[in-house]
Amino acid sequence: NLIKNHEIATVVSLPRNDMRCYEPCKAKCNNLIHRVITSKRERSNLIKKCAFTLAEVLITLGIIGVVAAMTLPVLIQKYNKMVWVNQLKTGYTIVNEGFQRMMAEEQVYDIEDTELYRAVGINGGNTDKVAAETAAKSIIEKYFKDITFISRADLVKEKNCSKLVGTGVKFWNLGNKSKCSGNYNMQFLLSNGMYMNLYLEYPCSSSSVSNEQIIKNGGHMLKYCGALWLDVNGKKEPNQWGRDGYLFSIADTGKIVPYRGKEQNIWNNIITEEDMKTNILDKCNPTISSSDGKSCAARIIELDNWKMNY
């Protein structure tokens, strides 16, 4: 309770010769003044207790900095993985829709019966041949909206990984980032900035397993008809298999299936769940230097439910 000035003034202005009230009033006055002074000291002490010293502030900031330095890279990596997986979903949808559109419009069930594959067969049997690549280019452009063909003939003789990685042709390996792998197949820039590389072969390759056995084992891919790989963020880094680079196989059904995934495993007569898992993880494990990362699309899509758990 604060003391009003007029209360103190009233007490101290009483005449000293009136002893009937002087002494009691003097005591009251002293008590009130003491309470005011004590109250001010308590407030001052409370402020001092609530404040931080410069040393305490610096120590706190230092701790916050250390924690941020430890957690920020983890958070960034987690965010990047989420972005890459979402881009993979988009790219996987685009390429499957393009090939399925081709099959539907031409009303065929075997990709070898399409105009595209007949053109490849007439012009050399695979798109490593310039004539086959040229013939395939104009047909592919009909089924993918706003795509741009990119010739990589200038890179065929290039051996330096640092000059190849980032072109959509080759990627750094997942387990050994000093090595790169890939191929110089026909390449397209999609409308969303992704690179799509294609290798088409005619006739398609048959399995050593009979069609009946493949179907019995739960498979649908009876012939291997080529490869497709995506760079899901274009020229942006890291340009690495299993991060922004993913490999697929082209089935005779026109479906784009993950490399070393279930369909290709059954086609290769790998039929137990454990063997399939081992075959996928063998080429998608960043802790193994020999693991290039080419089967990571299969791991993300078929094993880890569209998550990058590595």
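Residue indices begin at 1 and follow the sequence shown. Because the structure is predicted, anything quoted here is derived from the model rather than measured.
- At least one side-chain heavy atom of Asp128 sits less than 4.5 Å from a side-chain heavy atom of Tyr199.
- Using a 4.5 Å cut-off on side-chain heavy atoms (C-beta onward), Lys307 and Ile300 make no contact.
- The number of heavy atoms from other shown groups lying within 6.0 Å of NZ (Lys294) is above 12.
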For residues 264-271, dump all side-chain donor-acceptor pairs below 3.5 Å to protein atoms at least two apart in sequence or in another chain.
unit_1: Gln264; atom_1: OE1; unit_2: Ser249; atom_2: OG; d: 2.9
unit_1: Gln264; atom_1: OE1; unit_2: Arg260; atom_2: N; d: 3.0
unit_1: Asn265; atom_1: OD1; unit_2: Asn279; atom_2: ND2; d: 2.6
unit_1: Asn265; atom_1: ND2; unit_2: Arg260; atom_2: O; d: 2.9
unit_1: Asn265; atom_1: ND2; unit_2: Gly261; atom_2: O; d: 3.2
unit_1: Trp267; atom_1: NE1; unit_2: Leu222; atom_2: O; d: 3.2
unit_1: Asn268; atom_1: ND2; unit_2: Gln264; atom_2: O; d: 3.2

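- For the atom pair CZ of Arg243 and CG of Asn233, the computed distance is 12.5 Å after rounding to the nearest 0.5 Å.
- Looking only at distances, a side-chain donor or acceptor of Ser295 sits under 3.5 Å from a matching main-chain atom of Lys283.
- Side-chain heavy-atom separations under 4.5 angstrom define the hydrophobic clusters, and the remaining members of the one that includes Val156 are Leu155, Leu164, Val169, Tyr184.
- The shortest distance between side-chain heavy atoms of Arg101 and Glu105 falls below 4.5 Å.
- The backbone N or O of Cys284 sits less than 3.5 Å from a side-chain atom of Ser291, completing a donor-acceptor pair.
- Not a single donor-acceptor pair under 3.5 Å links the side chain of Asn285 to the backbone N or O of Leu281.
- Annotation: side chain of Glu302 is not in contact with side chain of Met276 (no heavy-atom distance under 4.5 Å).
- Side-chain contact between Tyr224 and Glu201: present, with at least one pair of heavy atoms (C-beta onward) separated by less than 4.5 Å.
- Between Lys255 and Phe99 there is no side-chain heavy-atom pair separated by less than 4.5 Å.
- Grouped with Met70 in one hydrophobic cluster are Val66, the linkage being side-chain heavy-atom contacts under 4.5 Å among Ile, Leu, Val, Met, Phe, Trp and Tyr residues.
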Could you give the side-chain donor-acceptor pairs of residues 73-89 under 3.5 Å, partners two or more places apart or in another chain?
unit_1: Asn80; atom_1: ND2; unit_2: Ile76; atom_2: O; d: 3.4
unit_1: Lys81; atom_1: NZ; unit_2: Tyr310; atom_2: O; d: 2.6
unit_1: Asn86; atom_1: ND2; unit_2: Met82; atom_2: O; d: 3.3

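- Side-chain contact between Ile94 and Leu190: present, with at least one pair of heavy atoms (C-beta onward) separated by less than 4.5 Å.
- Residues Thr253 and Met221 form no side-chain contact, since every pair of their non-hydrogen atoms from C-beta on lies 4.5 Å or further apart.
- A donor-acceptor contact shorter than 3.5 Å links the side chain of Asp252 to the backbone of Lys223.
- Looking at residues two or more places apart in sequence or on another chain, you find no side-chain hydrogen bond (donor to acceptor under 3.5 Å, both in side chains) involving Asn239.
- Within 6.0 Å of the CD atom in Glu237, the count of heavy atoms belonging to other residues, nucleotides or ligands does not exceed 12.
- When atom types are taken as modelled, the side chain of Gln100 and the backbone of Gly254 share a donor-acceptor pair closer than 3.5 angstrom.
- At least one donor-acceptor pair under 3.5 Å links the side chain of Gln240 to the backbone N or O of Asn173.
- Environment of CD in Glu56: crowded, with over 12 heavy atoms of neighbouring residues, nucleotides or ligands closer than 6.0 Å.
- Aromatic ring pairs are classed by plane angle as parallel below 30°, tilted from 30° to 60° and perpendicular above 60°; the pair Phe248 and Tyr92 is parallel.
- No more than 12 heavy-atom neighbours from other residues, nucleotides or ligands sit within 6.0 angstrom of NZ on Lys216.
- Looking at Glu141 and Lys137, a side-chain N of the basic residue comes within less than 4.0 Å of a carboxylate O on the acidic one, giving a salt bridge.
- Side-chain atoms of Tyr109 never come within 3.5 Å of backbone atoms of Met103 as a donor-acceptor pair (strictly under, hydrogens ignored).
- For the side-chain hydrogen bond (donor to acceptor under 3.5 Å, both in side chains) test, no residue two or more places apart in sequence or in another chain qualifies with Asp113.
- Follow the hydrophobic side-chain contacts under 4.5 Å out from Ile150 and you never reach Met194; the two are in separate clusters.
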| field | Chi angles and distances behind the side chain to side chain donor-acceptor pair (under 3.5 Å) call for Ser181, Asp292 | value | CA-CA 8 Å; Ser181 56; Asp292 53 28; 4.9 Å; no
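- Counted within 6.0 Å of NZ on Lys142, heavy atoms from surrounding residues, nucleotides or ligands total more than 12; the atom is thus considered enclosed.
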